[in-house]
Asks: 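First the structure, which I've put down as structure tokens, then a few questions once you've had a look.
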Amino acid sequence: MSEQLPTTFDPAKIEARWYQHWEEKGLFRPERPDAEPFTIVNPPPNVTGSLHIGHALDNTLQDIVIRYERLRGKDALWVVGTDHAGIATQMVVERQLEEKQDKRTNYSREDFIKKVWEWKEESGGTITRQLRRLGCSMDWSREQFTMDEHFTDAVLKTFVDLYNAKDEVGNRLNLIYRDKRLVNWDPKLKTAISDLEVETQDVKGSFWHFKYPLEDGVTLADGRDYIEVATTRPETMLADMAVAVHPSDERYASVVGKRVVLPITGRRVPIVADEHADPELGSGAVKITPGHDFNDFEVGKRAGFAAGEMLNMLTGDGDVCQTADGLVPDEFLGLHRFKRDGTNGARELVVERLKEAGLLIPHIAKTKKGEEVEHDAEPRTIATPFGDRGGVVIEPWLTDQWYVDAEKLAAKPIEQVRSGEIEIVPATWEKTFFNWMENIQPWCVSRQLWWGHRIPAWYGPTIVDRSDRGEGERDLVWDFSSDDVVIGTSQPCFVAETFEEASNLCEEYFRKHGFTRPIEFREVTDLHVGHLIPTSGDNRIPLRRDPDVLDTWFSSALWPFATLGWPNDTDLVQKHFPNNLLISGFDILFFWDARMMMMGQYNMGQAPWPKLYLHGLVRAADGAKMSKSKGNVVDPLGLIDQYGADALRFFMAAMESQGRDIKMDDERVKGYRNFATKLWNATRFCQSNGIGASSTLAAPEARLAANQWIIGEVQQTVEKLESAMADLRFDAAANTIYHFTWDRFCDWYLELIKPVFAEGASETALEETRAVAGWVLDQILVMLHPFMPFITEELWHAQGELAGTSRAEYPIITAKWPSPRAEVSKAATDAIDWVIDLTSNVRSAKNELGIPPGTKLAAFLPEASDLASNTIERSSAAIERLARLTPLTLSEAPSGPAMQVTAKAGNAGDVFIIPLEGIIDIGEEKARLEKALAASQKEAKSLEGRLGNANFVERAKPEAVEKAKADFAHHSAEAERLASALERLG
RNA sequence: GGGCGUAUAGCUCAGUGGUAGAGCACUGUAUUGACAUUGCAGGGGUCGGGAGUUCAACUCUCUCUACGCCCACCA
């Protein structure tokens, strides 16, 4: 930039430009075939998504790491892509159809999916554009999508492999299997969901007590002819199949094995003994609805009901349907399970009918006045399950679904975390991880959706033996008549990656069962019932593919290797798997991280990464969780517009201490914008003084104390930064570079070297200082680059142009990480520390005495330490400029009122005498000295006390005793000095 | 019911077995070339309560209190 930089840094002017430059030049993925690889994968955001503040945090941290490793010369790869997000995406597209009074079911499955793809092409790029605005240096050239062809191959292969997996002796492990059991069913989305997608919320509800009449002639021990049961879900009584009591409950011992006659349906159901019934609770008897309650399902199984026998009284929409025994009265059919949109449902009608029949036991409540009032039910807070996407109450529903045996897959990851093979940072999450993994339940992976990876399973016809009818052949029949209720397990199922392979499996199966005719197959999607008629029509055998798709997390679990090209053994997989680190929010520890561990282990035989970093949530300024419904969502793009991406990123880094959520604080973001401006202006200062780019990685030769000192400071900063990064302490890393830049470089170094640029300074000094200052600024830019990529790139180039060495071909994003390799003399650093101490003390004293800071004061130093005399000789200009002591005389001060100011030199100090005649009221100086004296005395006394404690001297660490002694010596000398100074003032 | 986390300056947060730090806010002050999106100086905390271990506790242990989160089938 030959033109002068403007005074104020305007992020908007440079961000887009540099991002485009990096991307176009392929700098996110520089060619480094021989370098050590470093790999992270981005948690793929939903393709429907837009960037929220949590993404901003997550991606900032990852970008810091990847830019840092890239600068350190690694072959750094940050894999990026988006997730097809089955439910979420399908919902978005369905909602759009609804807006046009249209709906999904007006389309064929194929056409609908085509629409989703179209939508993805149109709008799926939102979040990736926004990630670019944040400055994320991902490898876009290999952008992934979980439904890309190669990714789909990986998903299908994994599914088939898990299905076919066998142990050493060839027994099927059933790592994936189909089972009929209760699932969490979302009646709004009409799909099964996994346990993790269920959110339990406390809801105000009611607790009803009913009488279930005992069958004729049966009574309880106390003579009652009914059993009292209580429930929060009366509507499910239409599908009750038993009443359970505790085996040891005396009250009911006589009726176990007898039956009750259920009201409304008249169904006679057994009274069973089961541990599940808690005698302490309510009446001790509990109604059992195995088809609509998880506990009851288990009780039902124990009572001897097969899953297929368990009554179902609800449709997938949550409406009442007829049970298999046909006992649900007509008036209930078609009602919703409970009140919805103000219309009563089955729940309300059941209560009404029972009340009419005198079978409702009212709840007696007392008013404040002590009067007894009857209510239909007892009010109660009920922990109610909701679907996290659909937002409606989950219905346990009996269906056939595909399950992953997570318990088997979890074993190895548990071991890996326990052994440290996988490190979780912060480690406090390990317990949570173990707690979940060790109690893990089968993972329901099938979803009744259209958008997603279709399950690679085909169902074939059932073989029916017709030999009894003299046909001498077996026939095949099929019933593909329903899409709502998934096909029964009775039909043979063939799991394979393709239809052809499934056909082969099917043929094998038929041959094994004595089917001898020539066989051809066809894949059917239509719904119909039929049987093979050998002589007419299309006699190819139909195979129907499972209509369901897989849980989105099933595919994203493969992300660390499928994105690299697995299962094809590509170079990328070789080089970049396992990844080096995973950064994710703790909220997806179970959803994603744990599943990656399982699938990484299963498919690749090892952990997907050795380290897992979990960060917290970004909360609103008041500490509340951000949510659309609360309207407290902070848009990261708004912050970028206002303060720049660099400031937002730096905020995220500086606030990211391990194990804590981040509270949003705009003022702080603004503060980091100010920091950027500060750096911007420091660079302007350098520009205007002929300070430019450095051509060396190692620190330039330096003889001047200030230059040596700053080189030493850079060295320390690099070390601190590296150590913070190694520990993934983003806050410490950010603060290190922040304070070095502002406090050390801007506030002291630039001030120290200003005299060099004054007229009359030596040419050698000027040259050296320019070289050092330019080098230091370069190091700052590189160290800061991972945090603030845009401004550092801009200033990097501003530096280079001035020095006449164009950096057009050498951007900072691929620059080299600092490696000062410098020897810094202690004498030099001591000298500058001395100047800084002196300056601060003079300024402080002046301030307290009300002397204007600009005032130049004459000073006398009667007894100069070696450090003092050398420093005064070599750095007089700096002392004059900063401390404003001039003239400075190395001799006794003339008599008269004066103030004393010290500069620390070793344990002692140099005491400057500054005459105050005509400058200030002596009283003020006396007050100042008295205050300092009191402080010194207090310190000295406290230390004296400690040193007087025999226990301390004997038992404390020797270093601690030494330090206490030294501190005591220092403070008592200081007190003495101040006391005599006071005395002199009179 | 189980598990975890957090309580430090007005606010948001770091931190260490030897008697506390940052940013913002606050107070005073400074302005003719890097920067008022600034400089300089300063005030402010018995580190949630209690007990214990220790020569020494804000730091380790126990306990209490408050708040938050996760998991769990109470009909």
Side-chain angles (χ1 to χ4, degrees), chain A residues 4-5 7-9 195-196 200 207 229-233 236 244 276-278 280-289 293-299 380 382-383 385 396 426 428-432 434-436 439 586-587 589-590 616-617 619 621 623-625 643 647 651 654-655 657 659-668 670-689 729 731-732 735 738-739 746-747 750-751 754 839-840 843-848 850 852-854 939 942-943 946 949-957 959-961 963-964 967:
Chain A
Q4 189 75 18
L5 292 166
T7 18
T8 306
F9 165 50
D195 298 348
L196 283 176
T200 307
F207 193 48
V229 294
T231 182
T232 56
R233 296 211 56 194
T236 61
H276 169 67
D278 183 349
E280 304 295 314
L281 272 170
S283 64
V286 56
K287 72 193 253 325
I288 300 298
T289 321
D293 182 282
F294 287 102
N295 286 317
D296 294 3
F297 181 78
E298 296 303 321
V299 176
R380 217 183 236 221
I382 300 161
T428 48
W429 284 104
E430 282 180 8
K431 271 201 177 170
T432 308
F434 290 135
N435 186 38
W436 188 70
N439 298 293
F586 66 73
D587 51 329
L589 172 60
F590 304 147
L617 255 47
R619 297 178 168 276
K625 207 167 167 174
Y643 301 113
F651 167 80
M655 299 305 287
S657 58
R660 205 193 253 264
D661 287 347
I662 292 178
K663 268 184 209 159
M664 204 50 232
D665 181 357
D666 285 22
E667 281 304 301
R668 193 135 179 172
K670 186 171 153 190
Y672 292 125
R673 187 275 317 264
N674 295 355
F675 172 60
T677 303
K678 183 77 183 173
L679 178 66
W680 182 268
N681 279 301
T683 307
R684 288 179 60 231
F685 170 79
C686 291
Q687 274 193 334
S688 61
N689 285 292
R729 287 306 305 246
D731 54 345
N735 287 328
Y738 178 94
H739 284 113
C746 292
D747 288 347
L750 292 184
E751 294 305 322
K754 274 179 182 171
T839 304
S840 303
R843 285 172 177 169
S844 180
K846 276 182 172 170
N847 205 285
E848 283 178 58
E939 278 296 314
S942 151
L943 288 160
R946 204 189 306 175
N949 180 345
N951 275 327
F952 173 70
V953 181
E954 282 163 27
R955 307 173 77 155
K957 284 177 296 190
E959 309 93 85
V961 179
K963 184 168 183 300
D967 287 353

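Below, chain A is the first sequence line, B the second, and so on; all start at residue 1.
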Asks: Using a 4.0 Å heavy-atom cut-off across all strands, classify A:Arg843 as base, sugar-phosphate, or nothing.
Replies: sugar-phosphate
Asks: Measuring only the P atom in each nucleotide, how far is B:G15 from B:A9? A whole number of Å is fine.
Replies: 15 Å
Asks: Rounded to the nearest Å, what distance is computed from the CG atom of residue A:Asn949 to the P atom of nucleotide B:G18?
Replies: 17 Å
Asks: To the side chain of A:Arg668, which of B:U12, B:G3, B:A34 is closest?
Replies: B:U12
Asks: Which of these nucleotides, B:G28, B:A22, B:U38, is closest to any side-chain atom of A:Asn847?
Replies: B:G28
Asks: Starting at the 5' end of nucleotides 65-75 of chain B, put B wherever the base has a protein heavy atom under 4.0 Å, S where only the sugar-phosphate does, and a dash everywhere else.
Replies: --------BBB
Asks: Rounded to the Å, how far apart are A:Glu954 CD and B:C55 P?
Replies: 11 Å
Asks: Please determine whether a side-chain nitrogen or oxygen atom of A:Lys663 lies at a distance below 4.0 Å from atom OP1 or OP2 of B:C13.
Replies: yes
Asks: Within the 4.5 Å heavy-atom criterion, are A:Phe9 and A:Leu679 side-chain neighbours or not?
Replies: no
Asks: Expressed as a whole number of Å, how far does the C1' atom of B:G39 sit from that of B:C58?
Replies: 34 Å
Asks: State the pairing partner of B:U46; accept Watson-Crick or G-U wobble contacts with both distances under 3.5 Å, and report none otherwise.
Replies: none
Asks: Suppose we call two aromatic rings close when their centres sit under 6.0 Å apart. Are A:Tyr672 and A:Tyr738 close by that rule?
Replies: yes
Asks: Please assess A:Asn681 against A:Arg684 for the test side-chain hydrogen bond (donor to acceptor under 3.5 Å, both in side chains), listing each intermediate value before the final yes or no.
Replies: CA-CA 5 Å; A:Asn681 279 301; A:Arg684 288 179 60 231; 2.6 Å; yes
Asks: To the side chain of A:Asp731, which of B:C55, B:G28, B:A14 is closest?
Replies: B:A14
Asks: Expressed as a whole number of angstroms, how long is the span from A:Tyr738:OH to B:C13:C1'?
Replies: 14 Å
Asks: Measure the spacing between CD of A:Glu430 and CG of A:Asn435 and express it to the nearest 0.5 Å.
Replies: 13.0 Å
Asks: Is a side-chain donor or acceptor of A:Lys846 paired with a backbone partner of A:Pro853 at a separation under 3.5 angstrom?
Replies: yes
Asks: Could you measure between the two C1' atoms, the one in B:U46 and the one in B:G42, and give it in whole Å?
Replies: 22 Å
Asks: Give a yes/no on whether any side-chain N or O of A:Ser844 is located under 4.0 angstrom from OP1 or OP2 of B:G42.
Replies: yes
Asks: With A:Arg668 as the cation and A:Phe651 as the aromatic partner, state whether NZ or CZ is under 6.0 Å from the six-membered ring centre and within 45° of the axis.
Replies: no
Asks: Taking atom C1' in both B:C40 and B:U12, what distance in whole Å separates the two?
Replies: 25 Å
Asks: N/O contacts under 3.5 Å, protein versus nucleotides 31-33 of chain B?
Replies:
none

Asks: Determine the Euclidean distance between corresponding C1' atoms of B:C13 and B:G49; express it in Å to zero decimal places.
Replies: 23 Å
Asks: Is any side-chain heavy atom of A:Thr231 closer than 4.5 Å to one of A:Phe207?
Replies: no
Asks: Whether the side chain of A:Asn847 engages the backbone of A:Arg843 through a donor-acceptor N/O pair (distance < 3.5 Å, no angle test) should be reported.
Replies: no
Asks: If I take atom CZ in residue A:Arg946 and atom P in nucleotide B:G18, what distance separates them, rounded to the nearest angstrom?
Replies: 10 Å
Asks: Go ahead and name the base partner of B:G1; Watson-Crick or wobble counts if both distances stay under 3.5 Å, otherwise write none.
Replies: B:C71
Asks: Checking base pairs now: Watson-Crick or wobble, both atom distances under 3.5 Å. What partners B:U6?
Replies: B:A66
Asks: Do A:Asp666 and A:Lys670 meet the salt-bridge criterion of a basic N to acidic O distance under 4.0 Å?
Replies: no
Asks: Taking the side chain of A:Ala956 as heavy atoms from C-beta outward, which of B:A30, B:C55, B:G23 is closest to it?
Replies: B:C55
Asks: Quick one: which of B:G18, B:A41, B:A7 gets closest to the side chain of A:Ser840?
Replies: B:A41
Asks: What's the CG-C1' distance between A:Asp665 and B:A22, to the nearest Å?
Replies: 13 Å
Asks: Determine whether a donor-acceptor pair (one donor, one acceptor, N or O, separation below 3.5 Å) exists between the side chain of A:Lys678 and the base of B:C35.
Replies: yes
Asks: Distance check, rounded to the nearest 0.5 Å: A:Arg233 atom CZ versus A:Lys287 atom NZ?
Replies: 8.0 Å
Asks: Considering every strand and a 4.0 Å limit on heavy-atom distances, what is the contact class for A:Glu751: base, sugar-phosphate, or nothing?
Replies: base
Asks: Hunt down the Watson-Crick or G-U wobble partner of B:C35, both distances under 3.5 Å, from any strand shown, or write none.
Replies: none
Asks: Among the candidates B:G39, B:U12, B:A34, find the nucleotide nearest to the side-chain atoms of A:Asp747.
Replies: B:G39
Asks: Between A:Arg673 and A:Tyr643, is NZ or CZ placed under 6.0 angstrom from the six-membered ring centre and within 45° of the ring axis?
Replies: no
Asks: Rounding to an integer number of angstrom, what distance separates B:A7 and B:G43 when you compare their C1' atoms?
Replies: 25 Å
Asks: So, is A:Ser657 near the phosphate of B:C13, with a side-chain N or O under 4.0 Å from OP1 or OP2?
Replies: no
Asks: Taking atom P in both B:U6 and B:C60, what distance in whole Å separates the two?
Replies: 10 Å
Asks: Taking atom C1' of B:G3 as reference, at what distance in whole Å does atom NZ of A:Lys431 sit?
Replies: 8 Å
Asks: How many angstroms lie between NZ in A:Lys625 and CG in A:Asp661, if you round to the nearest 0.5 Å?
Replies: 9.0 Å
Asks: To the nearest angstrom, how far is A:Asn735 atom CG from B:C24 atom C1'?
Replies: 13 Å
Asks: In whole angstrom, what separates A:Phe651's CZ from B:U37's P?
Replies: 21 Å
Asks: Respond yes when some side-chain nitrogen or oxygen of A:Arg729 is under 4.0 Å from OP1 or OP2 of B:G15, and no when none is.
Replies: yes
Asks: Could you measure between the two P atoms, the one in B:A41 and the one in B:C24, and give it in whole Å?
Replies: 14 Å
Asks: Classify A:Lys846 by what it touches in the nucleic acid, base, sugar-phosphate, or nothing, heavy-atom distance under 4.0 Å.
Replies: nothing
Asks: Both A:Asn674 and A:Asn951 contact RNA chain B. Taking the nearest nucleotide for each, which residue is further toward the 5' end?
Replies: A:Asn674
Asks: If B:A22 has a Watson-Crick or G-U wobble mate with both distances under 3.5 Å, name it; if not, just say none.
Replies: B:U12
Asks: Does B:A7 have OP1 or OP2 sitting under 4.0 Å from an N or O in the side chain of A:Arg660?
Replies: yes
Asks: Under a 4.5 Å cut-off applied to non-hydrogen side-chain atoms, are A:Asp296 and A:His276 in contact?
Replies: yes
Asks: Let's test this: given Watson-Crick or G-U wobble pairing with both distances under 3.5 Å, identify the partner of B:A41.
Replies: B:U27
Asks: Strictly by Watson-Crick or wobble contacts shorter than 3.5 Å, is anything paired with B:C60, and which nucleotide is it?
Replies: B:G52
